[in-house]
Trainee: 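Can you keep this structure in mind? I'll have questions shortly.
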Amino acid sequence: MLDPKTNNFSQQTNSSVAPLSLMPETFPSHRMQITDDLNKLLEILPEKIRAKVEQHPKLESLVEVVMDLGRLPEARFPNEAVYLGDVPVSKEDLQYSIDRVGTFSGDNRAGIERTLHRISAIRNRTGEIVGLTCRVGRAILGTIEAIRDLVETGKSILLLGRPGVGKTTALREIARVLADEFHKRVVIIDTSNEIAGDGDIPHPAIGRARRMQVARPELQHQVMIEAVENHMPEIIVIDEIGTELEAMAARTIAERGVQLVGTAHGNRIENLIKNPTLSDLVGGIQAVTLGDEEARRRGSQKTVLERKAPPTFEIAIEMLERQRWVVHEDVANTVDDLLRGREPTLQVRTIDENGRVTITEEHPQLQTVGGLVSSTPTVVAPPRPSGWRASGRMTPVSPLEGERYSAKTDFEQMLDRSWYQPEKSSEKIRTPGPNGEDWPVYVYPYGVGRSQIEQVVEILNLPIVITKDMDNADVVLALRSHVKNHSKLRQIARARQIPIHGIKSNTIPQITRALRRILGMDDPNIPETTDLRLFASNGSDDEIEALEEARLAVEQIVIPTGQPVELLPRSPRIRKMQHELVEHYRLHSDSFGEEPNRRLRIYPA
């Protein structure tokens with residue numbers, strides 16, 4: 001690792017990268033201090049191998065020593081690997097090292113007490129150890145200064161990166177900073193004793209943080225929950241979240257208000273999205289089938305992938321190199337961008353050889369397509385339209401001329417424009433209503449049958465005008481399920497101060513009551529007028545007769561006497577009309593019996 005000599009800061013001048021900001025100069029100490037207890041690791045090596053390692057000029061940057069039975073021992077450094085002598089490793093050499101380390105756990109890892117070194121074993125089919133990887137563990141104080149501002153936010157942080165890039169080292173330093181400098185109650189779930197070292201006494205590198213050991217790797221998720229329930233932590237630190245149970249435990253902990261700091265198997269966020277076991281860490285992925293209208297607005301297929309829930313970790317850090325980290329300060333937005341085929345903007349934090357920290361933003365290369373600014377790596381030209389749109393009988397949504405916007409808001413602004421369908425230009429003609437209100441009222445329907453609204457308006461002669469342009473609307477009439485699941489509708493209506501009236505179902509009684517409520521005519525003390533034409537499909541004598549039978553049963557028997565009534569057998573189509581008429585009276589009805597004698601039963605309120 002680096003041993004910086006100064007605490008100065010510089011600015012990136014690469015033209016392809018836009019400088020964002022620089023880290024402040026008020027850190028307690030940016031000077032990195034390295035503690036590795038290297039001599040204790042060398043003591044477990046056989047004499048002939050230890051002597052070769054100690055003589056190497058790059059001893060201070062040693063990464064690991066590898067000993068495989070019948071092969072030459074090997075020392076690995078950041079940029080090279082060298083053989084240690086010309087004598088193959090024997091069983092005696094392996095046994096010499098095994099006798100001087102702790103017990104190998106279920107994940108075939110052991111350690112040296114009060115150190116951070118990790119000894120990993122390779123076994124043959126009978127369980128005998130035939131190879132050892134002696135990894136040097138170092139506590140590097142000051143290694144997280146590039147992300148210190150993120151650690152202070154109190155948000156959950158996920159570290160990603162390939163093996164050997166320094167995830168565990170950064171995790172250990174984060175635990176120490178949170179416990180010692182911010183005085184938080186920190187509990188480390190140390191599955192392989194890699195964060196706080198082997199033995200019952202944790203390594204000083206974790207500061208005041210507490211460590212909980214795990215008997216077997218498969219029990220890590222249980223220990224995570226136990227830590228929250230028994231020891232009242234403010235922060236849980238976890239290394240190597242790798243199973244679905246551990247991901248579920250992490251979500252449970254986050255929902256209890258505990259900050260999480262952890263690492264996961266994966267190099268980039270894209271790896272987690274594609275990993276069904278760990279995708280829940282970034283919110284989970286689900287396939288959603290869109291309606292025709294929504295798919296047309298998005299310009300996408302009807303089946304798309306969307307984020308299922310808020311991410312367990314709000315911040316993700318991709319450790320591409322030891323001194324170059326990519327930060328995603330809003331994981332939810334990053335995942336949404338990736339699922340919609342857009343390249344997210346990357347925030348890159350680097351530390352140079354002088355210890356200067358720079359934060360830059362790397363934007364995807366943009367090009368103009370059809371007047372819109374878009375990201376070339378991810379945007380695909382839409383297929384040529386066919387049918388009504390191609391014939392010219394459907395007017396496409398025209399882009400706003402001269403408008404330029406960033407790739408980050410492409411989808412949102414395109415979706416905004418799709419709400420407004422052009423209509424013939426006409427001035428609103430207003431006349432005062434009985435209470436001085438402006439009539440007619442312009443209604444924008446969403447998810448509600450336009451023909452049914454027109455039927456109610458025509459028969460009841462209501463001062464309602466249906467509009468396709470939300471700018472001209474006085475009110476939005478929508479299904480409650482659509483309003484609940486469509487935040488964009490609520491957002492647009494709120495911005496334009498347009499009230500939303502929700503209805504439970506797309507039926508004539510629900511639409512009638514909603515329109516009367518919009519007009520201020522829905523007074524419960526005044527009985528509603530019942531026009532049977534509202535509920536008839538074509539107004540035939542059979543329909544009117546069946547509806548009149550239901551009306552008389554309700555008004556003359558069910559409401560006055562409180563007794564249920566059975567009607568005459570009818571066809572399914574006519575029974576549906578009778579159901580809607582009964583609903584208009586706010587009563588309940590059921591169909592019973594077998595065809596062709598199936599009939600309606602009306603119950604009192």
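Keep in mind it's a predicted model, so treat the numbers as computed, not measured.
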Trainee: Show the numbers, then the answer: is there a side chain to side chain contact (heavy atoms under 4.5 Å, CB included) between V348 and W325?
Mentor: CA-CA 6 Å; V348 182; W325 296 355; over 6 Å; no
Trainee: Would you say the side chain of I119 lies within less than 4.5 Å of the side chain of F104, judging by non-hydrogen atoms?
Mentor: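 In contact.
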Trainee: Just one of V53, I112, V65, V101 clears the side chain to side chain contact (heavy atoms under 4.5 Å, CB included) bar with L41, so which one?
Mentor: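 Per the side chain to side chain contact (heavy atoms under 4.5 Å, CB included) rule, the option paired with L41 is I112, out of V53, I112, V65, V101.
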Trainee: Run the salt-bridge test on K308 and D280 with the 4.0 Å N-O cut-off and return the result as yes or no.
Mentor: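 Between D280 and K308 there is no salt bridge, as every charged N stays at least 4.0 Å from the carboxylate O atoms.
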Trainee: Starting at OG1 of T345, measure out to NE2 of H328 and round the result to the nearest 0.5 Å.
Mentor: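 Reported to 0.5 Å precision, the distance equals 10.5 Å.
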Trainee: Measure the spacing between CD1 of I206 and CG of L171 and express it to the nearest 0.5 Å.
Mentor: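 The CD1 atom of I206 sits 11.0 Å away from the CG atom of L171.
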Trainee: Can you tell me how far apart CD1 (I351) and CZ (R324) are? Round to the nearest 0.5 Å.
Mentor: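 That separation rounds to 13.0 Å.
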Trainee: For residues G131 and D68, report the shortest heavy-atom separation together with the two atoms involved.
Mentor: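 Here G131 and D68 meet closest at CA-OD1, 3.5 Å.
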Trainee: Any ion pair linking R349 and D149 (charged N to carboxylate O, less than 4.0 Å)?
Mentor: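 Yes.
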Trainee: In Å and rounded to the nearest 0.5 Å, what is the CD to CZ distance from E64 to R76?
Mentor: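 Spacing of CD (E64) from CZ (R76) equals 5.0 Å.
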Trainee: Inspect the surroundings of CD in E152 and state if more than 12 heavy atoms from other residues, nucleotides or ligands are less than 6.0 Å away.
Mentor: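 Yes.
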Trainee: Would you sort out whether L305 and Q286 count as a side chain to side chain contact (heavy atoms under 4.5 Å, CB included), showing the intermediate values?
Mentor: CA-CA 6 Å; L305 294 178; Q286 64 181 354; over 6 Å; no
Trainee: Assess the side chains of D337 and T334: does a donor N or O sit below 3.5 Å from an acceptor N or O?
Mentor: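 Distance-only check fails for D337 and T334.
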Trainee: Can you confirm whether R256 sits close enough to V228 that some side-chain heavy atom of one is under 4.5 Å from a side-chain heavy atom of the other?
Mentor: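 Touching, per the 4.5 Å side-chain cut-off.
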Trainee: More than 12 heavy atoms of other residues, nucleotides or ligands under 6.0 Å from CZ of R216: is that the case?
Mentor: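 Check fails, neighbour count at 12 or below.
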Trainee: Side chains of P46 and M67: does their closest heavy-atom pair fall under 4.5 Å?
Mentor: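 The answer is yes, as the side chains (C-beta and beyond) meet within the 4.5 Å cut-off.
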Trainee: Answer yes when E145 and R148 have at least one side-chain N-carboxylate O distance shorter than 4.0 Å, and no when they do not.
Mentor: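 Yes, E145 and R148 are salt-bridged.
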Trainee: Without hydrogens or angle criteria, can the side chains of E318 and N267 be said to hold a donor-acceptor pair below 3.5 Å?
Mentor: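 Short answer, no.
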Trainee: By the definition side chain to side chain contact (heavy atoms under 4.5 Å, CB included), identify the one residue from L260, I315, L272 that meets it with L158.
Mentor: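 Checked L260, I315, L272 against L158; only one passes side chain to side chain contact (heavy atoms under 4.5 Å, CB included): L272.
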Trainee: Within a 6.0 Å radius of atom CZ on F182, are there more than 12 heavy atoms belonging to other residues, nucleotides or ligands?
Mentor: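 It does: F182 CZ has more than 12 such atoms within range.
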Trainee: Is V151 close to L178 at the side-chain level, that is, under 4.5 Å between some pair of heavy atoms?
Mentor: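 A side-chain contact under 4.5 Å exists here.
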Trainee: Can you name the one residue among R211, R210, R172, R118 that meets salt bridge (Lys or Arg N to Asp or Glu O under 4.0 Å) with D190?
Mentor: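 Output: one option passes, namely R211.
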Trainee: How about D99: does its CG atom have over 12 heavy atoms from other parts shown lying under 6.0 Å from it?
Mentor: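 Above 12, so yes.
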Trainee: Is it the case that the side chains of E234 and Q259 hold a donor-acceptor pair, with the cut-off being a distance below 3.5 Å and no angle test?
Mentor: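 No, no side-chain donor-acceptor pair sits under 3.5 Å.
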Trainee: Applying side chain to side chain donor-acceptor pair (under 3.5 Å), run through E329 and Q347 and close with a yes or a no.
Mentor: CA-CA 8 Å; E329 291 195 59; Q347 183 186 127; 2.8 Å; yes
Trainee: Rounded to the nearest 0.5 Å, what separates atom OG1 in T263 from atom CD1 in I238?
Mentor: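 Spacing of OG1 (T263) from CD1 (I238) equals 8.5 Å.
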Trainee: Is the closest basic N to carboxylate O distance between K91 and E128 below 4.0 Å?
Mentor: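 Looking at K91 and E128, the cut-off is met.
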Trainee: Would you please test C134 and I44 for side chain to side chain contact (heavy atoms under 4.5 Å, CB included) and show each step?
Mentor: CA-CA 9 Å; C134 306; I44 73 165; 4.3 Å; yes
Trainee: Is it the case that the side chains of T115 and D37 hold a donor-acceptor pair, with the cut-off being a distance below 3.5 Å and no angle test?
Mentor: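 There is no such pair between these side chains.
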Trainee: Would you say the side chains of S192 and R109 form a donor-acceptor pair under 3.5 Å?
Mentor: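 Their side chains do contain a donor-acceptor pair, which is all the 3.5 Å distance test asks for.
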Trainee: Side chain to side chain contact (heavy atoms under 4.5 Å, CB included) between V237 and I189: does it pass, once the steps are laid out?
Mentor: CA-CA 6 Å; V237 177; I189 310 301; over 6 Å; no
Trainee: Do D239 and E194 touch side chain to side chain, with heavy atoms closer than 4.5 Å?
Mentor: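 Of all side-chain heavy-atom pairs linking E194 with D239, at least one is under 4.5 Å.
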Trainee: Does atom NZ of K58 have more than 12 heavy-atom neighbours from other groups under 6.0 Å away?
Mentor: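 No - once you tally the heavy atoms of other residues, nucleotides and ligands closer than 6.0 Å, there are 12 at most.
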